[in-house]
Amino acid sequence: MEFKGVKDIAIYGTDCVVDISRGDKDCAEFISAREKYFEVALDDGTLTVRQKSRNIFYRLILHRIEFKLVLPKNFKGKLRFRNKNGGLYVSGGDFTEMELSTGNGKFEISNAACNSCRLKMQNGTVMFKNVSVGETVSIKCANGNIKAESVHATEFSISSTNAALSAIDVTAKKFECSTSNGAIDASGITADDLKLETSNGKICAAPLGARDDYRLSAETTHGAIIVDGVAYKKLADVAHLQKRLTAKTANGDIDIRFLTGSADGQ
């Protein structure tokens, strides 16, 4: 099915898996081998895809239902995704806003751009890669790992429980990363305000810049604090510097290694 004049996308599902990509046409295209299980309609510029309810027999034999959505080549609108059990894969696309939530599934967002993004996941995993965000990003995942790589944003926060967090090549004015019962690995980070916090896990951080660029605060119980190979019991700088780095954990080590000469004036 093809639709012209699409300004925004809204998807409401129960157990669907969605693949979204950018096309080379002026219209949006809905593709599914199980088309009869969806209601698809365009109203006042909003393309709405709604999964129909299924009885227990069909849920058991069909499990999750997949469909593809190919966006118009010049699309720049809002994407809303509400799903109970399933996944969302976005490869390419330019959005004003992204509001995404699901459970017991997987999110993979890559090679995309947006003004703002809010993402929630329960009992699953999140991959956020090669994404440029003009304003804020908020990623929350309960009982699942989060990986962020090559992300640019003004403010960026990722949080989880009972899981590990990984952030590589992140650029933001403010970056917050928190979890429990899991480790944090933050490498190649450029941020004026960097906060890393966990419990029962190790923190490894490799921010861009020199040690003297940062007001550093590091605290742990039952663990070691190592900064550029030097051991400390506790760190709490009082100098008023442009940048700030806070690392806190319990029952884990903190290892911070500054990547000198890589910040390019940041």
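From a predicted model like this one, the values you see are computed outputs, not experimental measurements.
Nearest heavy-atom pair across S160 and C141 is OG-O, 2.6 Å. The shortest heavy-atom contact between V170 and A167 is CG2-CB, 4.1 Å. Nearest approach of F258 to D228, heavy atoms of both residues: N-OD1, 2.9 Å. Taking both residues in full, the closest heavy atoms of L194 and P207 are given as CD2-CB, 4.3 Å, listed atom of the first, atom of the second, then distance. Residue K36 comes nearest to K52 through the heavy atom pair O-NZ, 3.1 Å, listed as atom of the first residue, atom of the second, then distance. The shortest heavy-atom contact between A206 and L259 is O-CD1, 3.6 Å.
Residues Y37 and V18 share a single hydrophobic cluster, defined by chaining ILVMFWY side chains whose heavy atoms lie under 4.5 Å apart. Residues V40 and V6 share a hydrophobic cluster, clusters being chains of Ile/Leu/Val/Met/Phe/Trp/Tyr side chains in contact below 4.5 Å. A single hydrophobic cluster is seen to contain both L42 and F95, as judged by linkage of ILVMFWY side chains at heavy-atom distances under 4.5 Å, directly or through other members. With hydrophobic clusters built from ILVMFWY side chains whose heavy atoms lie under 4.5 angstrom apart, M127 does not share a cluster with I20. Residues V70 and L88 are members of separate hydrophobic clusters, defined by side-chain heavy-atom contacts under 4.5 angstrom among Ile, Leu, Val, Met, Phe, Trp and Tyr.
Atom NZ of K173 and atom NZ of K243 lie 9.5 Å apart (nearest 0.5 Å). Expressed to the nearest 0.5 Å, how far OG1 of T102 lies from CZ of R82 amounts to 10.5 Å. In this structure, CZ on R22 lies 12.0 Å from CG on L69, to the nearest 0.5 angstrom. Atom-to-atom distance recorded for H222:NE2 and N251:CG is 5.5 Å, nearest 0.5 angstrom. Atoms CD and NZ, from E99 and K120 in turn, are 10.0 Å apart once rounded to the nearest 0.5 Å. Taken to the nearest 0.5 Å, the OG atom of S187 stands 9.0 Å off from the CG atom of D169.
I225 is listed as a side-chain neighbour of T220, based on a closest heavy-atom distance under 4.5 Å. Contact of the L245 side chain with the I256 side chain is registered, since non-hydrogen atoms from C-beta on lie closer than 4.5 Å. The closest side-chain heavy-atom distance from L71 to I9 is below 4.5 Å. Counting heavy atoms from C-beta on, the side chains of I184 and T179 come closer than 4.5 Å. The shortest side-chain heavy-atom distance between F67 and E35 does not fall under the 4.5 Å cut-off. Residues D8 and R80 form no side-chain contact, since every pair of their non-hydrogen atoms from C-beta on lies 4.5 Å or further apart. F107 places none of its side-chain heavy atoms less than 4.5 Å from the side chain of I139. Counting heavy atoms from C-beta on, the side chains of E97 and R118 come closer than 4.5 Å.
With hydrogens and angles disregarded, no donor-acceptor distance shorter than 3.5 Å links the side chain of T171 to the backbone of H152. Side-chain N or O atoms of T249 include one that pairs as donor or acceptor with a backbone N or O of G201 at under 3.5 Å. T161 places no side-chain N or O within donor-acceptor distance of the main-chain N or O of A142, the cut-off being under 3.5 Å. Judged purely by atom type and a 3.5 angstrom limit, T125 has no side-chain atom pairing as donor or acceptor with the backbone of K106. Side chain of N123 to main chain of G103: no donor-acceptor pair is present (N/O by atom type, distance under 3.5 Å, no hydrogens or angles). A donor-acceptor distance shorter than 3.5 angstrom exists from the side chain of S32 to the backbone of E66, with no hydrogens or angles considered.
With D26 as reference, K73 is the one residue of K73, E2, K4 to meet the side chain to side chain contact (heavy atoms under 4.5 Å, CB included) rule. Test N83, N85, D15 against N104 for side chain to side chain donor-acceptor pair (under 3.5 Å) and you get one pass: N85.
Here R244 pairs with D193 in a salt bridge; the nearest charged N to carboxylate O distance falls below 4.0 Å. Between K202 and D253 there is no salt bridge, since no side-chain N of the basic residue sits under 4.0 Å from a carboxylate O of the acidic one. E155 has no carboxylate O lying under 4.0 Å from a charged side-chain N of K174, or vice versa, which leaves the two without a salt bridge.
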task: Take L100 and V90 through the side chain to side chain contact (heavy atoms under 4.5 Å, CB included) test and state the conclusion after the steps.
output: CA-CA 11 Å; L100 318 173; V90 177; 5.7 Å; no

- request: Assess whether side chain to side chain contact (heavy atoms under 4.5 Å, CB included) is satisfied between L165 and T198, documenting all intermediate values.
  value: CA-CA 10 Å; L165 302 182; T198 186; over 6 Å; no

- request: Could you walk me through whether F128 and I146 pass side chain to side chain contact (heavy atoms under 4.5 Å, CB included), step by step?
  value: CA-CA 8 Å; F128 206 69; I146 300 174; 5.9 Å; no

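Other residues, nucleotides and ligands place more than 12 heavy atoms under 6.0 Å from the NZ atom of K78. For Q122, the CD atom sits in a loose shell: 12 or fewer heavy atoms of surrounding residues, nucleotides or ligands are nearer than 6.0 Å.
Annotation: F3 is not in aromatic contact with F30 [ring centroid separation under 6.0 Å not met].
Remark: the D185 side chain and the S166 side chain contain no N/O donor-acceptor pair separated by less than 3.5 Å. Looking only at atom types and distance, the side chain of T14 has a donor-acceptor partner in the side chain of Q51 under 3.5 Å away.
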